[in-house]
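For reference, the structure discussed in these notes is given below.
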Amino acid sequence: MNLVRAEVERLAARRFAQLMLVLLALAFVITAATTVVGSHRPSARELAMAHAEVTAAINSMEIEHERCLAVKAGQVPPDENAYLPRDCSELDPMLREQLPVVADYLPGVFVFAQQAEPLTVILIAFLLLFGFLVGASYIGADLNSGGVVNLLLWRPGRLAVLGAKLGTLLGVMVLLSVLATVVYLGTFWLIGQTAGLPGQLDGEFWQKLAAGYGRGLVLVLLGSVLGFGIATLGRHTSAALGAFAAYAVVWELGARVVFEILDVARIEQLMLSTYVGAWLTGRLELFDGSACSDGPGFAVCDGTYTVTAGPALAVLLALTGAVTVAAFATFRRRDLI
Amino acid sequence: MSAVIEIEGLRKTYRSVRKGRRVAVDGFDMLVEAGQVHGFLGPNGSGKTTTLRALLGLVTPDSGRMSVLGEPAPERLVRVAGRVGAIVESPQFFGNFTGRRTLRLLAVAGGVPTARVDAVLEQVGLHERGDDRVKGYSLGMKQRLAVASALLKEPELLILDEPANGLDPAGIREMRDLVRSLADSGVTVVISSHILAEIQLICDHVTIVSDGRRVAAGPVREVLAGFDRHECRVRVTEPERAAQLLREVGMSVAVHEGVLAVGGAQEPELITRTLGEQGLWVGELTPIRPDLESVFLELTGSTPHPALPRQVGGSVLPAEEADTPMIDLDVTGDRGVGA
């Protein structure tokens, strides 16, 4: 417990962590300020017009649906300029995932219910970067500067020391993420209440937001562990940064181009970014062009495939687990000179 | 007296793709008993720091047996870590932490009352600068901070690797006084250093290592006595005649610029008597005692040679590859380390 206490203080006192916190706060302030400046509370007239436009849009959808049904029933001739799906249920407003809402027709008005999800994704992206960099710097700088040696002279249990450091990092990241999210979303909720619209904040909204945020938090923790693990293996903060840059350039960009030239099937499945996206969004629909290249045409070939959150998490956990086990195993036997 | 540090047959090889294989410590033995102030000497790259790192669990030896305060190291080091204070080489600290904060964090991590921080800052002379950032410290101040960190635990065994690094003459003297006071209070101290005159002043026992092997060990007095050739420097009228007379009574004499270097003079009074009986009056007779520096240079083969720059940290050849066998100069005679 003493070790964790000391580690929390060391982590909090690190210049790099403090700098990242300042950047996080700065990003908050800038985003919030630009949102406030770019938003206004809608007038009664704007609201009435938006309501009217929503009604009109839904009516138009219903008309399209009914026309489709009529064409299929042979009651009216098909219009060459209008879209006619094979199955008219595609146009049924009742079966749509999302119907037009008032917020869609209120330009320049910040609607919290509509913006909360993309705002959370931005926050998660920043926290992911924060976790990776701080995780790498926390152990990397300590290994490089002799801080770990100093600590081991006091606490000769290597695995316990490294475990305490990793545990501290994860604990701090959870706390920071939750705190940052509360402040961040709270600020935007307040903006919605005062300088925009709150939107429809029902149970379904909060449930969906919480689920997305939970997945994001897991990603932040995995990123922190990865940064920590790679820096431990490479004995330096830059090892993690280098590994990340090398992976992005060599694999995500370079190998992708090579695979495309070689017509490799389902290239996206070989990329980590796919699993990050699938885990974050819950489900990723992808298209494999090579699946249809030899066929008679796209009309009969369905090259789409799906990566869901479950397999995505399994891949991310396997990678992070492998790096962590390797980091601990190496650190246990490594000569600290 | 009980053994505080025991090392037997320690061997450590470093392997790297770039530099290949390098034997840093090769069958090294060491014994430090409770209450000793033990000097650990050796040229650069001779294996001192590797030995201390192995003892403290920072490097993994290939073979050998070590124990610290009766516990096998590094396996059970955790049991005695609270009683061992150590600095290895020049410890690095976070530059933007103050000295006080650095020590407080170590105290918290080690479960030591933070009240000790002020006491050790005072002890090493850093009390006034304790709230300055470490990046503003001189090398000597950082060294003092390192010693302070080792003292936080009120250790029974204190291991100091080059504690005088970067210290000015006054700082070296303060360090000497500090070590003495610690030794007086019953702390066993192991000091690795290049400042041989300091070691001779501070330490009562010494282990000398060369090329990863122990070449001498024992009480400083006895180690020096082993190299006493009973030489005297004699200034006398008619030096050539005096040299002849002394040779006739079985002494070896060399004359250089009118001064005699007389060897084999077990009893210096024999010189005055022999010369006095022949009417030659001695103006100066100074027994030449070996000091630690001359013994060290002789044992480690590191005597400077004007024509041959000495190479640092050369690899130790494995015993079977060595051209010449090691000479066992272990004055304690308890354990030979020769090949």
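Lettering of chains follows the sequences in order, A, B, ..., and the numbering in each one begins at 1.
Distance check: A:Leu3 CG to B:Leu105 CG gives 11.0 Å after rounding to the nearest 0.5 Å. Considering CG of B:Leu106 and CG of A:Leu151, their distance stands at 7.0 Å, rounded to 0.5 Å. Atom CG of B:Leu56 sits about 11.5 Å away from atom CG of A:Leu336, to the nearest 0.5 Å. Interatomic distance, B:Arg101 CZ to A:Glu9 CD, rounded to the nearest 0.5 Å: 5.0 Å.
Heavy atoms from other residues, nucleotides or ligands lying under 6.0 Å from CZ of A:Phe259 number more than 12. Surrounding CZ of B:Arg65 are more than 12 heavy atoms belonging to other residues, nucleotides or ligands, all under 6.0 Å away.
The closest donor-acceptor contact from the side chain of A:Arg155 to the backbone of B:Ala109 lies under 3.5 Å.
Counting all heavy atoms, side chain and backbone alike, A:Asp142 lies closest to B:Phe94 at OD1-CZ, 3.1 Å. In terms of heavy-atom proximity, B:Phe93 sits nearest to A:Asn150 at CE2-ND2, 3.3 Å. Among all heavy-atom pairs drawn from B:Leu58 and A:Arg158, the shortest one is O-NH2, 2.9 Å.
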Full working for salt bridge (Lys or Arg N to Asp or Glu O under 4.0 Å) between B:Lys12 and A:Asp335: CA-CA 11 Å; B:Lys12 174 64 187 175; A:Asp335 288 338; 2.6 Å; yes

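Listed options A:Pro156, A:Ala141, A:Ala164 were ranked by heavy-atom pairs under 4.5 angstrom with chain B; first place goes to A:Pro156. Note on B:Leu152, B:Val84, B:Thr49, B:Ile159: by heavy-atom pairs under 4.5 Å with chain A, the leading option is B:Leu152.
Taking 4.5 Å as the heavy-atom cut-off, the residues of residues 13-25 of chain A that approach chain B are A:Ala13, A:Arg14, A:Arg15, ordered by number.
Residue contact with chain B, scored on non-hydrogen atoms closer than 4.5 Å, involves the backbone of A:Arg334 exclusively.
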